[in-house]
Number of protein chains: 2
Amino acid sequence: MLADIEPVNRESTAGIIARQLRDAIMTGALPPGTQLGETELAARFQVSRGPLREAMQRLVSEGLLRSERHRGLFVIDLEPGDVYDIYAARSAVERAAAIRVMRGGDRERVTAVLDAAVAAMAEADEQDDPAALTEADLRFHEELIEASGSKRLARMARTLLIETRMCLTALQGTYGRNAQGVDERVAEHNQIIAAIREGDEVAVLTLLEAHMEDAVQRLAPGTSLHADAVPHVPSGTPLPGAG
Amino acid sequence: MLADIEPVNRESTAGIIARQLRDAIMTGALPPGTQLGETELAARFQVSRGPLREAMQRLVSEGLLRSERHRGLFVIDLEPGDVYDIYAARSAVERAAAIRVMRGGDRERVTAVLDAAVAAMAEADEQDDPAALTEADLRFHEELIEASGSKRLARMARTLLIETRMCLTALQGTYGRNAQGVDERVAEHNQIIAAIREGDEVAVLTLLEAHMEDAVQRLAPGTSLHADAVPHVPSGTPLPGAG
DNA sequence: ATTCCTCGGATTGTTGACAATCATACGACT
DNA sequence: AGTCGTATGATTGTCAACAATCCGAGGAAT
């Protein structure tokens, strides 16, 4: 059995660094608005500035970093309108993923994986671990998209889920949204799983859309996915970034 | 009146080169499978290999280039399954964009812009200019997404439209799909515009989905968006790349 | 004839140094 | 006192050289 022994080195340095940077942004180690000093980061990664810059350019094209010439690279600021934008995009991507899963996907395997994610959510809730809860929540959606088998949906979703987590950490201090809606969230996820298991595509899509709508409501009350296109919150007021 | 005079330089070299590379890939100047020699390209852009490599890393993260360590960067090969993947993703993105346009978008302005694109299509058809026809077709969809005002949908669509054009140029020699379906295509676009003008969201979405489905049918007959998840065409058979 | 090994050219990966630009603090002038 | 101009330190942008790896040609051995 010499299966899956092909990956020898085969990952570029830029790719490795880019992944670590994504993690740092996602977890809040690099809060929105932070400038990424090249010298310092390069020293931390133990590489020179060249590979580091290449990695950062990847994140620029993903929209996670914003580039100002001769000034530096900064973690993007999430303005209120972005919350809507992110969830609208996610809604589109996850809908497409769900469709693909329902038509020809291995529904049994999918529901098993998703069940595990929801179980982890409940577990995290019992232990009052909001970080683990968020992680499990996002894993649910990540697995759903992974199950679609679409390279492009997966790539788009990766960035969107990072931004989602950025929103959550940016807003979790503002609103005390802790134990409040978790039962509801778990229930919504379970309903989606049930619909997948039963093969009811319309129900899956409906539940998924409602779930995304609820998520936006929880994060930015009054800002509906179904409201006017770009809900005109006063722009230029970035969400809280660093501590 | 000192409006919109802010953009002085403010675009990184990597950004400029990346844009040109995207164009080259889109137009087929860099066909699928082509290796991008750094020395040669750097000389052509009149820069050193540093900025060029940074630009190429952007395209890697967009999925337009594939990186093989110590071997080089290559334009991605489009396999049959990718045609389906691309159109499924486009369908999701454009659907979301259409929703946003229908809810709070300036429908009058949008329809005007889209009308212009369709007019360009008809014009190109009369003059037997398939390249211009494709360009106008893609412009239609690009404008629709632009009108949604969503940064993220626009970013995702940009890559998808490039890949769409890659598919078209890869297959246009194979199938003689020239004058055959253009009337149908123009008609479909016009129907979408009409539905937008009338404010009939359901009709817009239905027509859009049908339009994407037809597009796949025209490109890869037998491969439906609605068929089994990843239609199992024999993998490892890339679409024709270079001449 | 085929296989294996070795060597040389060519390309990629990485680095440190240099040039250009920006931000800030300080001082001069109105 | 306030504003402008200047100098200095720090950071980014760019480059050319060096190291590591890969690919193909050629030859030797079986």
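Proteins get letters first, then strands, A, B, ... in listed order; numbering begins at 1 in each. Basis for what follows: all heavy atoms, side chains included, without hydrogens, waters or symmetry-related copies.
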| request: Could you tell me the separation between the CZ atom of A:Phe74 and the C1' atom of C:dA23, rounded to a whole number of Å? | output: 11 Å
| What nucleic acid atoms does B:Gly50 come within less than 4.0 Å of, heavy atoms only: base, sugar-phosphate, or nothing? | nothing
| request: Starting from P on D:dG13, measure out to CG on B:Leu52 and report it in whole angstrom. | output: 16 Å
| task | Using whole Å, report how far CZ of A:Arg66 lies from C1' of D:dT12. | result | 16 Å
| query | Given that A:Arg69 and B:Gln35 both sit by DNA chain C, which one's nearest nucleotide is further toward the 5' end? | reply | B:Gln35
| remark: Here the distance between atom C1' of C:dG16 and atom CD of A:Glu38, to the nearest Å, is 14 Å
| Base, sugar-phosphate, or nothing for B:Leu36, non-hydrogen atoms under 4.0 angstrom? | sugar-phosphate
| Side chains of B:Arg90 and B:Leu161 in contact at under 4.5 Å (non-hydrogen atoms) | yes
| query | Within the modelled atom types, does a donor on one side and an acceptor on the other bring the side chain of B:Arg49 and the base of C:dG13 under 3.5 Å apart? | reply | yes
| task | Write down the distance between CZ (A:Arg10) and P (C:dG13), rounded to a whole number of angstrom. | result | 11 Å
| Base, sugar-phosphate, or nothing: which does B:Leu73 touch, judged by heavy atoms less than 4.0 Å apart? | nothing
| Base, sugar-phosphate alone, or nothing: which one does B:Glu40 contact when heavy atoms must sit under 4.0 Å apart? | nothing
| message | Tell me whether B:Arg155 is salt-bridged to B:Glu62, with the criterion being a basic N under 4.0 Å from an acidic carboxylate O. | response | no
| query | Counting only side-chain N and O atoms of A:Thr13, is one of them less than 4.0 Å from OP1 or OP2 of C:dT14? | reply | yes
| Can a salt bridge be assigned to the pair B:Asp23 and B:Arg165 using a cut-off of 4.0 Å between side-chain N and carboxylate O? | no
| said: Return whichever of A:Ser48 or A:Arg71 has its heavy-atom-nearest nucleotide of DNA chain C closer to the 5' end. | reply: A:Ser48
| message | Rounded to whole Å, please give me the gap between NE2 in A:His70 and P in D:dT11. | response | 16 Å
| said: From CZ of A:Arg53 over to C1' of C:dT15, roughly how many Å is that when rounded to an integer? | reply: 14 Å
| Touch check for A:Ser12, heavy atoms < 4.0 angstrom, all strands: base, sugar-phosphate only, or nothing? | nothing
| said: So that I can tick it off, tell me whether A:Arg152 and B:Asp82 are bridged by a salt bridge, with the cut-off set at under 4.0 angstrom between side-chain N and carboxylate O. | reply: yes
| D:dT14 P sits how many Å from B:Ile17 CD1, rounded? | 8 Å
| said: On a heavy-atom basis, which atom in B:Ile86 and which in B:Thr164 lie closest, and how many Å separate them? | reply: CG2-OG1, 3.7 Å
